[in-house]
Visitor: 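Handing you this structure, nothing more for now.
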Amino acid sequence: MTEFESSLYNILARLPQGKLTTYGQLAKQCGYPSHARLVGRTLSKLPKDTKLPWFRVVNSQGKISLAGDAFIRQKEQLSAEGIDINESGKVVNFRHYL
DNA sequence: AAAGTGACGGTCT
DNA sequence: AAGACCGCCACTT
């Protein structure tokens, strides 16, 4: 486990319910600005049964970066926390950002 | 080894 | 507001 991964997991684990963050934001907090893509790649490898709130992460444009099935799952998870997504996959309620 | 490919981002149009 | 462009970095072909 790299130190990047451990810090990413720690930060994500602290992200409050009902709040959102972005890949780039997490990358910065991990001490690796410009590694937003690395965050995405790392999250994509999380086990299906992870306890981490991976669904509270969207891209800098406020959109869900997943396709197909995964998109649906994330939308459902967010909906359960009162966050709504429009037909373009974009977050409607921006006040949820940290 | 070179080129393609993403759970990405900032800028400029 | 939305799309085109280009920078970015680890991985795969």
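Only this structure's heavy atoms are used, side chains among them; waters, hydrogens and symmetry mates stay out. Just so we're clear, the structure is a prediction, and the values are computed from it rather than from any experiment. Quick note on labels: first sequence line is chain A, next is B, and so on, each numbered from 1.
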Visitor: When you measure from the side chain of A/Thr50 to the backbone N and O of A/Leu52, does any donor-acceptor pair fall under 3.5 Å?
Guide: yes

Visitor: Any donor and acceptor pair, going by atom type alone, linking the side chain of A/Ser6 with main-chain N or O of A/Glu3 inside 3.5 Å?
Guide: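 Here the side-chain-to-backbone pair exists.
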
Visitor: Could you walk me through whether A/Val91 and A/Ile85 pass side chain to side chain contact (heavy atoms under 4.5 Å, CB included), step by step?
Guide: CA-CA 5 Å; A/Val91 173; A/Ile85 306 299; 3.7 Å; yes

Visitor: Looking for any heavy atom pair under 4.0 Å, which part of the strands does A/Thr42 touch: base, sugar-phosphate only, or nothing?
Guide: nothing

Visitor: Look up atom CD in A/Gln17 and atom CD1 in A/Ile83, then write down how far apart they are to the nearest 0.5 Å.
Guide: 8.0 Å

Visitor: With respect to A/Arg56, which candidate in A/Gln77, A/Glu81, A/Gln74 satisfies the side chain to side chain donor-acceptor pair (under 3.5 Å) definition?
Guide: A/Glu81

Visitor: Check every nucleotide of DNA chain B for an atom under 4.0 Å from a heavy-atom of chain A, then give the first and the last such nucleotide from 5' to 3'.
Guide: B/dG6 to B/dG10

Visitor: Does any N or O in the side chain of A/Ser79 come within less than 3.5 Å of the main-chain N or O of A/Lys75, such that one atom is a donor and the other an acceptor?
Guide: no

Visitor: Taking only distance into account, with no hydrogens and no angle test, what donor-acceptor pairs under 3.5 Å do side-chain atoms of residues 62-69 of chain A form with protein atoms, sequence neighbours excluded?
Guide:
residue	atom	partner	partner atom	Å
A/Ser65	OG	A/Asn59	ND2	3.1

Visitor: With C1' as the reference atom in both, quote the distance from C/dC8 to B/dT5 in angstrom, rounded to an integer.
Guide: 13 Å

Visitor: Is the distance from OP1 or OP2 of C/dA2 to the nearest side-chain N or O of A/Lys90 less than 4.0 Å?
Guide: yes

Visitor: Can you check each nucleotide of nucleotides 6-13 of chain C against protein heavy atoms at under 4.0 Å and return B for base, S for sugar-phosphate only, - for none, in 5' to 3' order?
Guide: -BBSS---

Visitor: Measuring from A/Glu5:CD to A/Lys45:NZ, what's the distance to the nearest 0.5 Å?
Guide: 6.5 Å

